[in-house]
Colleague: 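Sharing a structure, written as structure tokens. Questions coming.
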Amino acid sequence: MRALTVTLNAALDVTYRVAALVPGDTHRVSEVAVRAGGKGVNVARMLRTLGVPVLATGLVGGAAGAALREDLSRSGVPHAMFAIAGETRRTVTVVTGSGQATLFAEPGPVVTPEEWSGFLGHYSELVVNTDVVVLSGSLPQGLPDDAYATLVRSAPVPVVLDADGTALALGAAAGPAVITPNRGELAAASEVDDPLALGAAAALVSDGARGMTAHTADGVWAAAPPEVISGNPTGAGDAAVAALVAGWHLPWPERLAEAVALSAAAVRAPLAGDFDRAFYDQHRADVTPRPVPED
């Protein structure tokens with residue numbers, strides 16, 4: 001299984017650790033971490049840890065983009081990023097001593113029509129050498145709302161789409177293999193309760209600490225973490241996507257269990273894109289999917 005992850009609005013992630021976050025106050029940062037980020041980059045990092053061959057691509061530019069590339073190379077994550085003129089955004093996550101995480105996300109660069117056209121050509125060359133594509137995250141300024149729909153239709157292999165808003169609605173209508181919204185994103189994208197009505201073949205819907213539900217043509221299953229997990233939830237959704245890809249050929253109940261377990265293990269890790277391997281190994285067998293009766 002070879003995977004291609006696409007991060008159109010990549011980011012240089014900065015994580016601050018503080019004792020507590022108090023609006024209007026001065027904070028002493030005890031620890032700083034800077035690394036390549038964006039949802040698809042996080043998925044690629046986890047897939048590499050899981051032993052799945054992966055290539056990360058996306059749009060990057062400026063000094064932050066150069067730092068992102070350098071970090072991927074240092075981390076051993078294969079990448080083929082497409083250069084743009086605009087500056088790659090930064091995201092700042094402030095994590096308190098209690099484990100509460102507050103995220104500040106910059107909007108990202110403005111991508112020109114010429115740059116988007118160039119990336120489409122770049123993407124078409126990469127996608128023929130992969131088995132599954134992951135499209136993750138927000139769209140940078142300048143891209144059309146149907147950017148993900150275009151990438152879904154251009155892929156000759158199954159696609160996992162992790163997006164929200166109009167990008168999710170239009171992308172799902174193009175027929176990806178799986179969409180992975182949370183409850184809020186699903187409600188914003190459709191007035192219909194059935195996520196498969198959006199157009200995807202399957203949907204993995206997250207409900208935070210309450211777990212996830214897999215909606216498929218063969219049935220609906222739900223599963224929850226083995227215990228209440230505290231930590232940094234920033235990369236939990238990306239971990240679920242990585243688990244889906246790593247277990248692509250497993251039956252859906254098993255894929256759901258893998259997604260829930262790896263997502264919980266990611267919350268236990270201090271940085272998005274990592275997961276607590278010991279916690280995952282210990283608790284994977286404790287996640288038991290249950291069938292959900294259809295209405």
Side-chain angles (χ1 to χ4, degrees), residues 2-17 29 31-95 101 103-109 111 115 119 122-123 126 130 133-141 143 151 160 162-163 231-243 245-246 262-263 265-267 269-277:
R2 299 165 299 172
L4 174 70
T5 70
V6 179
T7 313
L8 297 179
N9 206 8
L12 189 64
D13 285 347
V14 181
T15 301
Y16 291 149
R17 291 197 167 272
V29 178
E31 184 180 343
V32 180
V34 181
R35 70 189 324 193
K39 294 180 71 62
V41 169
N42 293 338
V43 173
R45 196 185 296 273
M46 290 190 190
L47 286 174
R48 181 180 180 277
T49 302
L50 292 169
V52 177
V54 63
L55 179 68
T57 191
L59 304 171
V60 298
L68 184 151
R69 291 176 190 256
E70 291 173 5
D71 181 70
L72 287 177
S73 296
R74 282 195 303 269
S75 303
V77 178
H79 57 94
M81 294 292 174
F82 187 83
I84 60 173
E87 181 77 21
T88 291
R89 67 189 178 123
R90 295 162 299 175
T91 64
V92 178
T93 301
V94 181
V95 182
L103 175 66
F104 299 86
E106 296 179 358
V111 180
E115 288 170 336
F119 177 78
H122 175 74
Y123 173 78
L126 298 179
T130 193
V133 173
V134 175
L135 308 176
S136 297
S138 61
L139 298 178
Q141 302 173 77
L143 291 193
L151 296 181
V160 179
D162 182 9
N232 180 6
T234 307
D238 304 328
V241 172
V245 174
L262 195 65
S263 180
V267 174
L271 299 176
D274 293 340
F275 64 94
D276 185 330
R277 169 71 78 169

Colleague: Any side-chain heavy atom of Y123 within less than 4.5 Å of one from V133?
Modeller: yes
Colleague: Looking at every non-hydrogen atom in both residues, tell me the closest pair between T5 and A44 and how far apart they are.
Modeller: OG1-CB, 3.6 Å
Colleague: Would you say the side chain of R35 lies within less than 4.5 Å of the side chain of D274, judging by non-hydrogen atoms?
Modeller: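 They are in side-chain contact.
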Colleague: Would you call V43 and T7 a side-chain contact if the rule is heavy atoms closer than 4.5 Å?
Modeller: no
Colleague: Could you tell me the separation between the CG atom of L55 and the CG atom of L47, rounded to the nearest 0.5 Å?
Modeller: 11.5 Å
Colleague: What is the minimum heavy-atom distance between S75 and R45, and which atoms define it?
Modeller: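 Minimum heavy-atom contact is OG-NH1, 3.1 Å.
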Colleague: Between the main-chain N or O of G61 and the side-chain N or O of T88, is there a donor-acceptor pair closer than 3.5 Å?
Modeller: yes
Colleague: When you compare the side chain of L12 with that of E87, does any pair of heavy atoms fall below 4.5 Å?
Modeller: no
Colleague: If every non-hydrogen atom of P140 is compared with every non-hydrogen atom of L59, which pair is closest and at what distance?
Modeller: CG-CD1, 4.4 Å
Colleague: Apply side-chain contact (heavy atoms from CB on, under 4.5 Å) to residues V41 and M81 and explain how you reach the verdict.
Modeller: CA-CA 11 Å; V41 169; M81 294 292 174; 4.1 Å; yes
Colleague: Quick one, V60 and P109 - any side-chain contact, counting heavy atoms below 4.5 Å?
Modeller: no
Colleague: Is there side-chain contact between Y16 and V32, with heavy atoms separated by less than 4.5 Å?
Modeller: yes
Colleague: So how far is it from L4 CG to T130 OG1, rounded to the nearest 0.5 Å?
Modeller: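 One finds 5.0 Å between CG of L4 and OG1 of T130.
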Colleague: What heavy-atom pair brings L72 and H79 nearest, and what distance separates the two atoms?
Modeller: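 Taking every non-hydrogen atom into account, CB-CD2, 3.5 Å.
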Colleague: Is it true that, when you exclude R69 itself, more than 12 heavy atoms of the residues, nucleotides or ligands shown sit nearer than 6.0 Å to its CZ?
Modeller: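 Check passes, neighbour count above 12.
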Colleague: Please find the pair of heavy atoms, one from N9 and one from P107, that lie closest to each other, and give the distance.
Modeller: ND2-O, 3.3 Å
Colleague: F82 vs F119 aromatic rings, parallel, tilted or perpendicular, using cut-offs 30° and 60°?
Modeller: perpendicular
Colleague: Is there a side-chain contact between L50 and L262, using heavy atoms and a 4.5 Å cut-off?
Modeller: yes
Colleague: Tell me whether R90 contacts the main-chain N or O of A64 through its side chain, where contact means a donor paired with an acceptor under 3.5 Å.
Modeller: no
Colleague: Please report the shortest heavy-atom distance between M46 and A266, naming the atom on each side.
Modeller: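 What the structure gives for the nearest pair is CE-CB, 4.1 Å.
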Colleague: Report yes if the side chains of L103 and T91 come closer than 4.5 Å at any heavy-atom pair, otherwise no.
Modeller: yes
Colleague: Quick one: pull up CZ in R17 and CD in E31 and give me the separation to the nearest 0.5 Å.
Modeller: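 Separation between the atoms: 6.0 Å.
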Colleague: Determine whether a donor-acceptor pair (N or O, by modelled atom type, separation under 3.5 Å) exists between the side chain of S263 and the backbone of G237.
Modeller: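 No, the answer is negative, given that no donor and acceptor are paired below the 3.5 Å cut-off.
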